[in-house]
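The structure under discussion appears below in the form of structure tokens.
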Amino acid sequence: APRNEVAELKHARPHHLAADQIIDREQRAGSSVSKATVYNCLKGYSETGLVKEINVDATRKYYDTTTSPHHHFYHVETGELVDIPADDISISDLPPLPAGPEQDGVEVLVRVRDRK
């Protein structure tokens with residue numbers, strides 16, 4: 001079933017997968033999984049905490065199978081996303097929170113590119 005095919009990829013390396021990467025892998029393997037199925041599965045996995053959704057820009061999301069708090073390097077030219085352990089970054093002096101909500105976490109995305 002298409003959902004099972006997407007679920008199997010959740011456990012594959014790399015741990016940072018974009019929906020289009022999953023669709024390409026499935027189609028190369030001969031699957032007829034639809035884009036809608038992949039997106040719906042990933043949305044469901046994200047909502048239930050099986051994967052973490054990472055928005056690297058307005059048009060690209062990755063789904064990370066490491067759901068514990070950590071940070072990332074994002075190579076803007078290659079699209080590669082690499083983990084940074086949570087303890088490798090220290091954050092202090094956060095601004096006061098707006099009235100009402102509580103802090104849910106802080107994650108850093110460090111954008112990198114090749115030197116020119």
Side-chain angles (χ1 to χ4, degrees):
R3 287 187 179 272
N4 290 338
E5 294 165 354
V6 175
E8 288 173 18
L9 279 174
K10 181 184 121 29
H11 300 289
R13 287 201 176 267
H15 288 286
H16 307 103
L17 295 169
D20 60 338
Q21 291 172 312
I22 294 172
I23 293 164
D24 287 346
R25 286 181 185 190
E26 287 300 301
Q27 289 176 345
R28 281 196 310 268
S31 172
S32 61
V33 66
S34 72
K35 287 183 181 184
T37 297
V38 171
Y39 281 101
N40 287 336
C41 288
L42 290 170
K43 180 180 179 189
Y45 292 156
S46 179
E47 289 172 351
T48 59
L50 293 173
V51 296
K52 184 187 302 187
E53 187 177 278
I54 300 169
N55 295 299
V56 296
D57 61 36
T59 62
R60 190 146 175 101
K61 292 180 187 178
Y62 284 85
Y63 297 87
D64 191 347
T65 58
T66 304
T67 57
S68 59
H70 64 287
H71 312 285
H72 293 94
F73 286 114
Y74 174 62
H75 195 294
V76 296
E77 295 165 332
T78 66
E80 182 180 19
L81 198 63
V82 177
D83 287 345
I84 302 171
D87 294 342
D88 285 3
I89 293 180
S90 175
I91 300 171
S92 61
D93 299 328
L94 290 173
L97 296 175
E102 65 181 0
Q103 183 172 318
D104 188 39
V106 176
E107 294 177 2
V108 175
L109 179 71
V110 180
R111 296 176 192 282
V112 299
R113 67 176 57 249
D114 292 337
R115 293 181 192 268
K116 303 229 183 231

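Every heavy atom of this structure was used, including side-chain atoms; hydrogens, water molecules and symmetry mates were not.
- Looking at Y62, its side chain does come within 3.5 Å of a backbone N or O of G79 through a donor-acceptor pair.
- Every pair tested for side-chain hydrogen bond (donor to acceptor under 3.5 Å, both in side chains) that includes a residue from residues 88-103 fails, sequence neighbours excluded, so the list is empty.
- Here the shortest heavy-atom pairing between A86 and P69 reads CB-O, 3.4 Å.
- Between Y63 and K52 there is no side-chain heavy-atom pair separated by less than 4.5 Å.
- Below 30°, between 30° and 60°, or above 60°: for H72 and H16 the angle between ring planes is above 60°, a perpendicular geometry.
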>> Using side chain to side chain contact (heavy atoms under 4.5 Å, CB included), reason through L81 and H15 one step at a time and then give a plain yes or no.
In response: CA-CA 9 Å; L81 198 63; H15 288 286; over 6 Å; no
> Between R60 and D20, is a salt bridge (charged side-chain N to carboxylate O under 4.0 Å, His left out) present by the stated rule, with each step listed?
Replying inline: CA-CA 10 Å; R60 190 146 175 101; D20 60 338; 3.4 Å; yes
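- The shortest heavy-atom contact between Q27 and V33 is NE2-O, 4.5 Å.
- Residue V108 belongs to a hydrophobic cluster whose other members are F73, V82, I84, I89, I91, L94, V106, V110, V112, with links defined by side-chain heavy atoms closer than 4.5 Å.
- With a 4.5 Å cut-off on side-chain heavy atoms, I22 and L42 count as touching.
- To the nearest 0.5 Å, the span separating CD on Q21 from CD1 on I23 amounts to 10.5 Å.
- Here the CD1-CD distance, from I54 to E107, works out to 7.0 Å after rounding to the nearest 0.5 Å.
- Nearest heavy-atom pair across L109 and V56 is CD2-CA, 3.8 Å.
- Distance CG/D83 to OG/S68: 8.0 Å, rounded to 0.5 Å.
- Of all non-hydrogen atoms in E77 and R113, the two that sit nearest each other are OE2-NH1, 3.5 Å.
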